[in-house]
Amino acid sequence: MRRRLGRLAALVCCLVLTACAGGQVRHGVGGPNTVSFALPPSATPNWILPLAVPGYTASYNGVVQSVLFVPLYAYDGSSGAVGRDDKASAAQPPVYAPDGKSVTITLKPLTWSDGTPLTSRDVQFWFDLVRSAKDDWGAYTKGLMPDDVTDFRVVDDHTFTLTLDKTYNPGWFTANQLALITPLPQHAWAHDPDPRKTFDYLVSQAKNLGGYNADPLWKVVDGPFALESFSPTGQVTLVKNPHYTGEDAAHLDKITFLTFTSSAAEYNVLLAGGVDYGYVPTTNLGQKAKLESLGYRIEPWNGWSITYIPYNFNNPTLGKVFQQLYVRQAIQHAVDQKAISQVIWRGTATPGYGPVPQDNDPTYLSDTQKNNPYPFDLNAAKALLANHGWRPDPDGVLACREPEKCGPGVEAGTRLSMTLLTESGSDETDGTMQELKSELSRIGIELRINAQPLNTVLANGTTCEPSSPACAWQLSYFGTQGSWYFPAYPSGEQLFATGASVNFGNYQDKPTDDLIAASTLSTSPQSMVDYSARLAEQLPVIWMPNPPYQVSAIDTSLGGVTQDPLAGLQPQRWYRR
């Protein structure tokens with residue numbers, strides 16, 4: 001990795017020197033109609049199959065997949081309001097029956113790159129795979145997709161009707177359920193008549209990063225780009241798909257996603273002109289004028305997102321401790337969100353107190369969440385723990401000395417010593433973790449920090465059973481660019497519903513489940529407001545400041561760029577001026 005970046009830096013210095021000598025700043029490392037895009041530090045694509053499995057859910061996997069395999073429905077918030085992106089979708093707008101119990105969908109006349117038309121069978125193939133292996137599908141929540149579709153009826157090659165198990169809020173169903181579907185090339189990927197065997201085969205092939213470049217599976221695409229190369233380290237190069245038949249064709253010939261091990265390494269290459277579209281670490285925001293003189297425009301990229309640290313409620317050592325609400329309240333009181341936002345993120349992050357985005361549309365925001373029920377207050381935190389039987393050991397770390405007060409399942413002698421698995425490579429995240437460690441130590445909690453690349457954090461911080469070795473993790477942070485980016489509806493069926501695949505901490509709360517279920521059925525926002533209030537009080541996770549996706553540095557000769565709050569990219573619309 002270091003050797004490759006070294007060669008890259010040397011090359012771009014030569015390019016910049018040559019360009020400056022001619023009076024023109026030229027960025028990037030490719031040809032005249034190409035773009036190089038900087039990936040976040042230690043956050044690299046590692047999955048190409050548009051069916052995510054746990055541990056392979058990083059956002060840039062979705063970015064690469066969406067321009068290779070056109071989703072049934074794409075969404076975008078670049079205009080300021082989140083809405084359906086029809087040009088980037090594989091189907092015409094859905095038509096719901098008057099009783100809301102079925103929806104009919106017509107596909108656009110797209111063609112796979114081998115010349116085979118995309119048909120209803122390709123959507124049915126997606127359903128067959130997901131139904132056969134739903135427990136292994138990364139987006140599965142019991143009772144929702146695909147359980148909420150009771151019948152798939154092919155009307156003709158381009159039209160099909162889904163029968164639903166009940167009447168849902170149509171806006172929610174399209175944005176949060178139908179948008180999960182991506183038509184797949186059945187003719188090229190159906191490895192076995194048994195869809196479960198085919199699912200397992202595709203997953204096994206997708207785990208072989210070294211085989212991506214030669215595997216014929218990944219050559220059959222219907223998106224505006226095709227795969228040129230995908231290195232085991234995560235560097236990805238896409239080229240314009242010459243066989244694309246849709247209405248959203250690529251303008252560029254090529255785009256390369258560059259990988260970096262730290263934000264400092266990325267910034268050095270940015271200064272050397274080696275990146276067309278990169279980011280500025282907050283520690284370097286004072287260099288804006290210098291970057292602008294080099295031909296970049298600097299724009300913050302804010303997200304429709306929340307940021308948090310999940311507790312592992314099933315951890316065999318501390319799970320019972322985390323299940324005590326007063327412990328979670330004490331920890332939340334020790335998070336100085338304003339200081340972290342202002343000092344470490346230099347004002348680019350926004351404090352967050354609950355489960356819905358609170359720096360954008362206030363439609364779903366409760367007063368409880370907005371007003372922060374657990375402000376920074378170390379004395380309040382100490383009192384909560386002392387009143388529940390925790391006393392300091394000689395090293396200052398609190399231990400449970402009155403188990404009858406500590407809470408059900410918390411044994412005498414249990415110490416408040418915990419390990420946080422966190423992203424590496426970001427100065428801002430490193431600073432946030434050190435600040436959190438310092439404040440927690442002041443209330444008698446020991447925090448050990450284990451920094452790892454993002455994909456490692458995601459792979460090790462997943463749902464688990466208490467008896468499983470995979471349940472060794474206690475706290476997990478994957479929020480350097482925000483932990484979770486919502487679709488159009490910021491509902492919690494994937495995050496905090498019992499048994500949901502992205503409910504990494506195994507949080508369970510019946511009132512929360514009821515509010516989430518209500519939010520999927522009603523067009524009224526009240527259930528979402530109540531959900532916002534309950535989780536702001538119940539603290540299923542540690543709420544943390546929500547940083548921008550990034551502060552971008554974009555080559556001024558690159559047009560067509562919109563920074564989608566949903567963290568999507570539409571590189572097919574980028575062009576050189």
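All heavy atoms count here, side chains included; hydrogens, waters and symmetry mates do not.
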Check against salt bridge (charged side-chain N to carboxylate O under 4.0 Å, His left out), D85 and R573: CA-CA 13 Å; D85 185 344; R573 298 170 191 172; 3.0 Å; yes
R297/E299 under salt bridge (charged side-chain N to carboxylate O under 4.0 Å, His left out): CA gap, chis, key distance, verdict: CA-CA 7 Å; R297 65 179 190 273; E299 297 179 1; 2.9 Å; yes
Criterion side chain to side chain donor-acceptor pair (under 3.5 Å) on S527 and S519, from CA distance to verdict: CA-CA 5 Å; S527 56; S519 71; 4.9 Å; no
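By the 30° and 60° cut-offs, the orientation of the rings of Y60 relative to Y549 is tilted. The aromatic rings of Y311 and F313 are tilted relative to each other, their planes meeting at an angle between 30° and 60°. Ring geometry for F496 against Y531 counts as tilted: the plane angle lies between 30° and 60°, on a 0 to 90° scale. Ring geometry for W137 against W126 counts as perpendicular: the plane angle is over 60°, on a 0 to 90° scale with 30° as the lower cut.
Under the 6.0 Å cut-off for aromatic ring centres, Y489 and Y75 do not qualify, their centroids lying 6.0 Å or more apart. Between Y277 and W574, the ring centre distance stays below 6.0 Å. Y308 has its ring centre no less than 6.0 Å from the ring centre of Y477.
For the 3.5 Å distance criterion, the side chains of Q570 and D76 qualify, holding a donor opposite an acceptor. Using a 3.5 Å distance cut-off with no hydrogens or angles, the side chains of Q563 and S552 do pair a donor with an acceptor. Between the side chains of S36 and D276, at least one donor-acceptor pair of N or O atoms lies under 3.5 Å. Side-chain N/O atoms of S491 and N176 include a donor and acceptor closer than 3.5 Å. S532 and S366 are linked by a side-chain donor-acceptor pair at a separation below 3.5 angstrom, with hydrogens and angles left out of the test. In this structure, a donor-acceptor pair under 3.5 Å is present between the side chains of D248 and Q572. S305 and N546 share a side-chain donor-acceptor pair at under 3.5 Å.
One finds the CD1 atom of I306 at 9.0 Å from the CH2 atom of W484 (value rounded to the nearest 0.5 Å). Distance check: T259 OG1 to E266 CD gives 11.5 Å after rounding to the nearest 0.5 Å. Taking OG1 from T520 and CE from M528, the interatomic distance works out to 11.0 Å, rounded to the nearest 0.5 Å. To the nearest 0.5 Å, atom OG1 of residue T348 and atom CG of residue L285 are 6.5 Å apart. Once rounded to the nearest 0.5 Å, the distance linking CD of Q358 with OG1 of T350 reads 8.0 Å. T174 contributes atom OG1, which lies 7.5 Å from atom CD1 of I105 (distance to the nearest 0.5 angstrom).
Every residue meeting the side chain to side chain contact (heavy atoms under 4.5 Å, CB included) condition with D136, not counting sequence neighbours, appears here in chain and number order: R196, F199.
A salt bridge does not link R346 with E428: every distance from a Lys NZ or Arg NE/NH1/NH2 to an Asp or Glu carboxylate oxygen is 4.0 Å or more. A salt bridge does not link D147 to R131: none of the charged nitrogens lies less than 4.0 Å from a carboxylate oxygen. Comment: D514 engages K510 in a salt bridge, judged by a side-chain N to carboxylate O separation of less than 4.0 angstrom. Note on D367 versus K370: salt bridge recorded, some NZ/NE/NH1/NH2 to OD/OE distance being below 4.0 Å.
Side-chain atoms of S89 and L72, non-hydrogen and from C-beta on, never get closer than 4.5 Å to each other. A 4.5 Å side-chain heavy-atom check between Q474 and F322 finds at least one atom pair inside the cut-off. Taking 4.5 Å as the limit, some side-chain heavy atom of N312 sits within range of a side-chain heavy atom of C464.
Annotation for K254: atom NZ does not count as buried by contact number, only 12 or fewer foreign heavy atoms lying within 6.0 Å.
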